[in-house]
There are 2 protein chains.
Amino acid sequence: MPVDFTAETHMPGHYFSRIARAMARIGDSRLKPLGFATAQLPVLTALRDGSARSQGELARWAKVEQPTMAQLLARMERGGIVRREPDPRDRRSSLVSLTEEARAKLPAGRKVLEEGNRDATAGLSEAEVATLVGLMQRVLANLDALEA
Amino acid sequence: MPVDFTAETHMPGHYFSRIARAMARIGDSRLKPLGFATAQLPVLTALRDGSARSQGELARWAKVEQPTMAQLLARMERGGIVRREPDPRDRRSSLVSLTEEARAKLPAGRKVLEEGNRDATAGLSEAEVATLVGLMQRVLANLDALEA
DNA sequence: ACATTAAACATAGGATGCTATTCAATGCCC
DNA sequence: GGGCATTGAATAGCATCCTATGTTTAATGT
């Protein structure tokens, strides 16, 4: 006997988009006083120990394409968040690292983001959040396989 | 006794973004031969019965801001997907409807999108998909409440 | 050593999304 | 009816993401 699934159950795609946008809007508005943005977090996290990485490494880490990372880094450089110095080993490349000011504000930024994630999952038990993440990891694996 | 949760469990936000982007990339590439795009689907769905709606109605339906919908409709008009005619009841507004060609291709487009959603949730049981959607609806309710 | 391939960036151009602002038409209130 | 708030769009400006393409430097193979 077939069950009556709603259209939404067959088309979960739009939910991912709406949630991603809403979390970015909320995160960006809360991070604005610190001078950060949601999209910058992977970069900040990758460099938080003071290390320096190439643009390509950061793009692979953040799972965005290289030109996207190039633009993001340009904005971050303009905002005084990162600094670039030529890579002595490879003249094609430069090494990106955080400025002192960015490193100082970073813990506050991460706290804001964590709180946003907590707010988003309010009312869900730890087990339910784990279930949600587990299902999303399987969906992501499907999509990665499709694009490979 | 505290459990050792990974950073990902505490920060599910990035998953939503990655899944949304991957689904949009895949959907767009598959819809391209039909002349459609993923972002257009809510508009196509709203107008599929031949009805005509104002830009504001479509923006609220698709859950995007009015200028976003204005640009989307401009591209769709340029692509011959929608048509605008002045609203006889309100001179500020125009009524948007689908062209014949778009209505003809619409069922094929919806099929492509449904298949994309099926591919994304491959390996998940119907019950698991329902669980995923249910959890996402609760997250979305949290976010809507935060922004209200 | 030199030609070829590969890797790292840069640039161009476009799609989606947002906020802030402005303009025009409508509606409402007294 | 006249003033005022509201509503529907348009515009400007920007952030994020993408694909496609070019340029420069490095690495490789013969």
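Model, not experiment: these values are computed from the prediction. By convention in this document, chain letters (A, B, ...) are assigned in the order of the sequence lines, proteins followed by strands, and residues within each chain are numbered from 1.
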Peer 1: For B/Arg84, report the nucleic acid contact type (base, sugar-phosphate, nothing); a contact means any heavy atom under 4.0 Å.
Peer 2: sugar-phosphate
Peer 1: Tell me: CD of A/Glu77 to P of C/dC9, nearest whole Å?
Peer 2: 13 Å
Peer 1: Can you tell which of D/dC17, C/dT26, C/dA8 lies closest to the side chain of A/Asp90?
Peer 2: C/dA8
Peer 1: From CD1 of B/Ile81 over to P of C/dA15, roughly how many Å is that when rounded to an integer?
Peer 2: 11 Å
Peer 1: Could you give me the CA-CA distance, side-chain angles and deciding distance for B/Arg92 and B/Asp90, then say whether salt bridge (charged side-chain N to carboxylate O under 4.0 Å, His left out) is met?
Peer 2: CA-CA 5 Å; B/Arg92 293 169 300 182; B/Asp90 189 334; 2.8 Å; yes
Peer 1: Measuring from the side chain of A/Arg92 (C-beta onward, heavy atoms only), which nucleotide among D/dT24, C/dG17, C/dT26 has the closest atom?
Peer 2: D/dT24
Peer 1: List in chain and number order the residues that pass side chain to side chain contact (heavy atoms under 4.5 Å, CB included) with B/Arg83, two or more places apart in sequence or in another chain; answer none if no residue qualifies.
Peer 2: B/Ser97, B/Thr99, B/Glu100
Peer 1: Where along residues 40-74 of chain A does a heavy atom fall under 4.0 Å from DNA chain D?
Peer 2: A/Val64, A/Glu65, A/Pro67, A/Thr68, A/Gln71, A/Leu72
Peer 1: Taking A/Arg75's backbone N and O only, do any of them form a donor-acceptor pair with A/Arg78's side chain (distance below 3.5 Å, no angle check)?
Peer 2: no
Peer 1: Looking for any heavy atom pair under 4.0 Å, which part of the strands does A/Ala24 touch: base, sugar-phosphate only, or nothing?
Peer 2: nothing
Peer 1: Do the side-chain N or O atoms of B/Arg25 get closer than 4.0 angstrom to the phosphate oxygens (OP1, OP2) of D/dC17?
Peer 2: no
Peer 1: Think B/Arg75 has a side-chain N or O under 4.0 angstrom from the OP1 or OP2 of C/dG14?
Peer 2: no
Peer 1: Rounding to an integer number of Å, can you tell me how far A/Ile26 CD1 sits from C/dG17 C1'?
Peer 2: 15 Å
Peer 1: To the nearest Å, how far apart are B/Lys32 NZ and D/dA20 C1'?
Peer 2: 10 Å
Peer 1: So what does A/Arg78 touch, heavy atoms closer than 4.0 Å: a base, only the sugar-phosphate, or nothing?
Peer 2: sugar-phosphate
Peer 1: For residues 23-35 of chain A, please give each side-chain donor-acceptor pair under 3.5 Å, one per line with the distance, not counting sequence neighbours.
Peer 2:
residue: A/Arg25; atom: NE; partner: B/Glu147; partner atom: OE2; Å: 2.9
residue: A/Arg25; atom: NH2; partner: B/Glu147; partner atom: OE1; Å: 2.9
residue: A/Asp28; atom: OD1; partner: A/Thr38; partner atom: N; Å: 2.8
residue: A/Asp28; atom: OD1; partner: A/Thr38; partner atom: OG1; Å: 2.8
residue: A/Ser29; atom: OG; partner: A/Ile26; partner atom: O; Å: 2.9
residue: A/Arg30; atom: NH1; partner: A/Asp119; partner atom: OD2; Å: 2.9
residue: A/Arg30; atom: NH2; partner: A/Asp119; partner atom: OD2; Å: 2.8

Peer 1: Test side chain to side chain contact (heavy atoms under 4.5 Å, CB included) on A/Val96 and A/Glu77; report intermediate values, then the result.
Peer 2: CA-CA 9 Å; A/Val96 180; A/Glu77 192 171 18; over 6 Å; no
Peer 1: Are A/Leu95 and A/Leu58 connected, step by step, through hydrophobic side chains (Ile, Leu, Val, Met, Phe, Trp, Tyr) whose heavy atoms are closer than 4.5 Å?
Peer 2: no
Peer 1: Of the non-hydrogen atoms in A/Leu44 and A/Ile81, which two are nearest, and what is the gap between them?
Peer 2: CD2-CG2, 3.7 Å
Peer 1: Between the base of C/dA25 and the side chain of B/Arg91, is there a donor-acceptor distance below 3.5 Å?
Peer 2: no
Peer 1: When all nucleic acid strands are considered with a 4.0 Å heavy-atom cut-off, which category describes B/Asp87: base, sugar-phosphate, or nothing?
Peer 2: nothing
Peer 1: Under 4.0 angstrom, heavy atoms only, what part of the nucleic acid is A/Asp28 near: base, sugar-phosphate, or nothing?
Peer 2: nothing
